[in-house]
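Everything on this sheet refers to the single structure shown next.
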Amino acid sequence: MDESIFTQYIQKRKQIIKNRNILQTTYIPEQLPHRNTQIDRIASIIAMALNGDRPSNIMVYGMTGTGKTAVLNYIGKELKKIDPEEQKCSYVYVNCEVVDTAYGILYNIVSQIMIDSQIPFTGWSFEKLYSELIIQLDKLDKVFIVVLDEIDHMVSKKGDMIFYYLVKINENLQNSKVSLVGISNNMKFGELLEPKAKSRLGEENLIFPPYTKEELEDILTERAKEALFDDVLDSSVIPYCAILAAKVNGDARVALNLLKTAADIAERNGESIVTDAEVKSAKNSIEFNVVSEGLKTLSQQSKIILMSIIKNVERGNAVMTTGEVYIMYKSISELLGTSALTQRRVTDLISELDMMGFINASIKSLGRAGRTKEIELSIAKDIVAVFKNDPIFKPLESNKVPTQTKLI
DNA sequence: TGTCCACTGGAAGGGAGGGCTT
DNA sequence: AAGCCCTCCCTTCCAGTGGACA
């Protein structure tokens, strides 16, 4: 083989990671360590679908990275093993964070069960789509296990009437049956529902506890065995990843991501083994990427609001009120030539930035000086620097942001 | 004890942009 | 072409609020 600029990288790679796919959080392994209790429980409920009966609806609770989605997808895979032609039972998975409207959820279910669905992704009335769903479900004459992941995303948006419709769908079906599995990160999800929908959706309830440090170690060890070459991990790497992830609510995704990124870094640097140093770098690099990627996806208006907060901080105003942010926001909007939103809308966007973790905002009463939000920036300096390079802020470089502090 | 500030956050509704139906 | 529906983003309106101050 001739020498090429790529030769060195090809030779350096191949040394640590055997199969990168196995370290992905979406990968479903043959065994899910420490989730047998949950798997058995769900399987015992769902099993009756294979006899043509309707299993109880199930609500699954647990924090992120506790294996809820993995367990349900594992069960879907196992169902397919025993009923490959899906003659008795079909598994339908919908992520409510991705598909976050009532119409969208129905549309998603219909398009999974129909081979060539002609239904438009918008345009029909909800009722019409619901009737069509019933017709299509009934035609197939079997039991459908419909998994609604991240179901808590639907409650706050006025879309929770979807649950009312889905929960009573069996009343409209002659041949088929539908069993629902809701997955929620939020333990209080049930309380937010109407009592009627709550009791019918949670005929069975299941809680996934966070993984302990030891359990995370087992999970990582299992995956590493398959995904990595032998003897490429320093003995402290897996415990270290496990400890870091255990601090984040025992999140297995965090643990896997750390291991994968650390292995990547070691490979890139041409190391023959992964050590704690790579895990440390992995931790920093993940944090940096998550935040800066998140910032990129903000709408233009949210970016301007965040910029207003940054400008306030740069002026030495580390803790500011909504009013102060709004004044700055108006000046920046003017300089950028974009039309400014109302303060009402801006308060909503500030709350969103807070929820996404880019800022910290808490309501504070200043007595006679009124009641407002106290806002602080909570992203690291190096990320702020990257954010400020966004092309939409180009005009700010040549213009000075005014120092006006009162609304006129 | 009542007042009053600077908002907060709910409700209702407008309108643009996606689409279907007749 | 006209009449609908759905979602998203936004505005307008307004009642509600915690606590310093008179």
Side-chain angles (χ1 to χ4, degrees), chain A residues 94-111 114 116-136 148 150-151 153-166 188 191-194 296-309 312 317 319-334 336-356 358-376 392 404-408:
Chain A
V94 182
N95 187 320
C96 301
E97 197 190 2
V98 182
V99 187
D100 62 351
T101 61
Y103 186 97
I105 289 176
L106 291 195
Y107 173 77
N108 210 280
I109 298 173
V110 181
S111 40
M114 283 173 73
D116 44 59
S117 155
Q118 299 291 318
I119 297 172
F121 68 89
T122 170
W124 279 15
S125 73
F126 179 85
E127 269 74 20
K128 179 168 179 182
L129 182 57
Y130 183 70
S131 312
E132 182 65 22
L133 173 66
I134 287 168
I135 293 167
Q136 294 304 329
L148 302 169
E150 317 242 6
I151 195 172
H153 277 270
M154 288 303 297
V155 209
S156 48
K157 311 198 161 209
K158 289 185 207 164
D160 50 345
M161 58 87 157
I162 179 79
F163 303 126
Y164 174 74
Y165 279 92
L166 285 177
K188 287 183 179 162
E191 293 169 23
L192 304 168
L193 282 179
E194 272 180 59
K296 273 189 208 159
T297 62
L298 291 177
S299 67
Q300 191 191 26
Q301 290 293 351
S302 293
K303 282 181 183 170
I304 299 174
I305 294 167
L306 189 58
M307 185 52 127
S308 315
I309 295 166
N312 262 296
N317 193 11
V319 181
M320 66 209 86
T321 64
T322 303
E324 285 164 339
V325 173
Y326 190 65
I327 292 163
M328 183 64 81
Y329 163 80
K330 286 198 101 169
S331 330
I332 294 179
S333 295
E334 202 173 310
L336 297 179
T338 55
S339 55
L341 302 173
T342 56
Q343 186 160 335
R344 175 69 187 84
R345 180 65 186 140
V346 170
T347 58
D348 276 345
L349 295 178
I350 288 175
S351 301
E352 276 177 27
L353 289 173
D354 181 26
M355 273 195 299
M356 289 187 267
F358 300 136
I359 59 171
N360 272 323
S362 53
I363 298 166
K364 196 94 187 213
S365 182
L366 307 171
R368 263 230 152 134
R371 196 162 169 264
T372 178
K373 267 202 181 105
E374 260 190 5
I375 298 159
E376 275 175 289
I392 69 160
Q404 172 206 357
T405 52
K406 286 252 158 36
L407 265 182
I408 307 167

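Worth saying up front: this structure is predicted, and the values here are computed from it rather than measured. Throughout, a chain's letter reflects where its sequence line sits, starting with A, and its residues are numbered from 1.
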With [X] via side-chain contact (heavy atoms from CB on, under 4.5 Å) - residues at least two apart:
| X | result |
| --- | --- |
| A:Thr322 | A:Gln343, A:Thr347, A:Ile350, A:Thr372, A:Lys373, A:Ile375 |
| A:Glu334 | none |
| A:Ser365 | A:Arg371 |
| A:Ser299 | A:Gln301, A:Ser302 |

Send over the distance from [X] [atom1] to [N] [atom2], rounded to a whole Å.
| X | N | atom1 | atom2 | value |
| --- | --- | --- | --- | --- |
| A:Leu349 | C:dC10 | CG | C1' | 10 Å |
| A:Gln300 | C:dC8 | CD | P | 20 Å |
| A:Leu106 | C:dC5 | CG | C1' | 14 Å |
| A:Tyr103 | C:dC4 | OH | C1' | 13 Å |
| A:Ile304 | C:dC9 | CD1 | P | 15 Å |
| A:Gln343 | B:dT8 | CD | C1' | 10 Å |
| A:Asp348 | B:dG9 | CG | P | 9 Å |
| A:Arg345 | B:dT8 | CZ | C1' | 15 Å |

Notebook entry, point to check: How would you list, by chain and number, every residue that makes a side chain to side chain donor-acceptor pair (under 3.5 Å) with A:Tyr103, sequence neighbours excluded?
Noted result: none
Check: Between B:dG9, C:dC10, B:dT8, which one does the side chain of A:Leu341 approach most closely?
Finding: C:dC10
Next item on the list: Counting heavy atoms from C-beta on, name the nucleotide in B:dA6, C:dC9, C:dT7 closest to the side chain of A:Thr372.
Entry: B:dA6
Under 4.0 Å from OP1 or OP2 of [N]: is there any side-chain N or O of [X] that close?
| X | N | value |
| --- | --- | --- |
| A:Thr322 | B:dC7 | no |
| A:Lys373 | B:dG9 | yes |
| A:Thr342 | C:dT11 | yes |

Note to self: Protein within reach of the bases, or only the backbone? For nucleotides 14-22 of chain C, mark each nucleotide 5' to 3' as B, S or -, using heavy atoms under 4.0 Å.
What the structure shows: ---BBBBSS
Next item on the list: Classify every nucleotide of nucleotides 16-22 of chain B by which part a protein heavy atom approaches to under 4.0 Å, writing B for the base, S for the sugar-phosphate alone and - for neither, in 5'-to-3' order.
Entry: --BBSS-
Set of salt bridge (charged side-chain N to carboxylate O under 4.0 Å, His left out) partners for [X], sequence neighbours left out:
| X | value |
| --- | --- |
| A:Lys128 | none |
| A:Arg368 | none |
| A:Lys303 | A:Asp390 |

Next item on the list: Please answer whether the main-chain N or O of A:Thr321 pairs with a side-chain N or O of A:Glu324 as donor and acceptor at a distance below 3.5 Å.
Entry: yes
Note to self: Check whether A:Asp354 reaches the backbone of A:Ala361 with its side chain - one donor and one acceptor, N or O, closer than 3.5 Å.
What the structure shows: yes
Margin query: Can you list everything that forms a ring pair (Phe, Tyr, Trp, His ring centres under 6.0 Å) with A:Phe358? Sequence neighbours excluded, please.
Written below: none
Next item on the list: Would you mind classifying the nucleic acid contact of A:Thr321 as base, sugar-phosphate or nothing, using non-hydrogen atoms under 4.0 angstrom?
Entry: sugar-phosphate
Margin query: Over the length of the helix from B:dT1-C:dA22 to B:dT22-C:dA1, how much do the five-pair end axes diverge, rounded to 10 degrees?
Written below: 30°
Item checked: A:Tyr165 versus A:Glu127, side-chain donor and acceptor atoms under 3.5 Å -> yes
